[in-house]
Structures are given as structure tokens and as C-alpha cells.
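Only heavy atoms go into these numbers, but all of them, side chains included; no hydrogens, no water, no symmetry mates.
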Amino acid sequence: MQLFFSIIIPVYNSEDYLPRCLDSIVKQTFPLENVQVIVVNDGSPRTEECDEIVRSYEDKLKINYLKLGENKGLFLARKRGVEQVTSPYFLHLDSDDYLEKKAL
């Protein structure tokens, strides 16, 4: 199946909220095989925790995980995510936010 949506999620010291964010994608009514998730670790001081969370979702979502060596800021983290988009549509989702069930 072709990808239809890409969801870009920048993460910086917000790992406490990341599982809720990723769960909201897993619960979408839209077919997940058509969704690409791009998690951009923006040099978070909690990188090991972020790595662990992302790994725990790799069997549920198509995740492209990018790690920036140092904090570049939200704008550049989002820009780096956009560079990885392979679908016709993309959206930004903050790691401390979530999608409603029929958002896609």
C-alpha cells in the first residue's frame, strides 16, 4: 500500500507524553499501513528513554526515528522531519499532544 500521511513528531524532554501521542496514532480509524510516523529527537537530555519508547512502537507503526546530536530548536526539528516525508500529505504533532480518533 502507498503511504498517504506522514506525521512529524519533534521530541525534546517530553518523553512523559510521547506514549499518549503515539497511542493516539495507533488508535486512528485510518489504515496504519498508509501512515508514516517521523519522530525527531531534538537532542533531548532523555534520549535513552525516547529510544526505548520508540522501539516499543516499532511493531505497531511505521516509524522513522531521527536523532539530532544537539538541540536545534522546534523549527529545525520540524524542518528535518519534513525532509523525510514520503507521502502526499503530512502534519505536525507535538509530542505532548494527541490526535482525535478520526483525525486522519
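- One N or O on the side chain of Asn34 and one on the backbone of Gln2 form a donor-acceptor pair closer than 3.5 Å.
- Contact annotation: the side chain of Asp51 approaches that of Lys67 to within less than 4.5 Å [non-hydrogen atoms, C-beta and beyond].
- Using a 4.5 Å cut-off between side-chain heavy atoms of Ile, Leu, Val, Met, Phe, Trp and Tyr, with links allowed through other members, Leu18 and Val26 fall into the same hydrophobic cluster.
- Interatomic distance, CG of Leu22 versus CG of Leu99, reported as 10.0 Å (0.5 Å rounding).
- To the nearest 0.5 Å, the span separating CG on Leu104 from CG on Leu32 amounts to 8.5 Å.
- For Cys21 against Ile9, the heavy-atom pair with the smallest separation is SG-CD1, 3.8 Å.
- Under the 4.0 Å criterion applied to side-chain N and carboxylate O atoms, Arg46 and Asp16 are assigned as salt-bridge partners.
- With Ser6 contributing its side chain and Phe90 its backbone, the two residues share no donor-acceptor pair below 3.5 Å.
- Using modelled atom types, one side-chain atom of Lys62 and one backbone atom of Glu33 make a donor-acceptor pair closer than 3.5 Å.
- Annotation for Gln28 and Glu100: closest pair NE2-O, 2.8 Å, computed over non-hydrogen atoms.
- Within 6.0 Å of CD in Glu52 there are 12 or fewer heavy atoms belonging to other residues, nucleotides or ligands.
- Taking all atoms of both residues into account, the shortest heavy-atom contact from Val11 to Ser44 is O-CB, 4.1 Å.
- Ionic pairing of Lys72 and Glu70 is present here: one or more N-O contacts between side-chain nitrogen and carboxylate oxygen are shorter than 4.0 angstrom.
- Tyr65 and Thr47 get closest at one heavy-atom pair: OH-O, 4.2 Å.
- Checked for salt-bridge contact, Arg80 and Glu83 meet the test: a charged N lies under 4.0 Å from a carboxylate O.
- Rounded to the nearest 0.5 angstrom, Leu68 CG and Leu76 CG are separated by 8.5 Å.
- A chain of hydrophobic side-chain contacts below 4.5 Å, direct or via other Ile, Leu, Val, Met, Phe, Trp or Tyr residues, connects Val37 to Phe4.
- In this structure, Phe30 places its CZ atom where more than 12 heavy-atom neighbours from other residues, nucleotides or ligands lie under 6.0 Å away.
- To the nearest 0.5 angstrom, Ile63 atom CD1 is 7.5 Å from Ser56 atom OG.
- Arg20 and Asp97 are not joined by a salt bridge, as no carboxylate oxygen comes within less than 4.0 angstrom of a charged side-chain nitrogen.
- Atom NZ of Lys79 is surrounded by 12 or fewer heavy atoms from other residues, nucleotides or ligands within 6.0 Å.
- To the nearest 0.5 Å, atom CG of residue Asn41 and atom CD of residue Glu15 are 6.5 Å apart.
- For the atom pair Ile7 CD1 and Ile25 CD1, the distance stands at 4.0 Å (nearest 0.5 Å).
- Between the side chains of Asn71 and Tyr12, no donor N or O sits under 3.5 Å from an acceptor N or O.
- Between Tyr57 and Asp23, the shortest heavy-atom distance links the atoms OH-OD1, 2.7 Å.
- Of all the heavy atoms in Pro88 and Leu3, the pair that sits closest is CD-O, 3.4 Å.
- Under the 4.5 Å side-chain heavy-atom criterion for Ile, Leu, Val, Met, Phe, Trp and Tyr, Leu74 and Ile38 are members of distinct hydrophobic clusters.
- Grouping the Ile, Leu, Val, Met, Phe, Trp and Tyr side chains by contacts below 4.5 angstrom, directly or via other members, places Val40 apart from Ile53.
- Note on Leu91: it clusters hydrophobically with Val35, by side-chain heavy-atom contacts below 4.5 Å among ILVMFWY residues.
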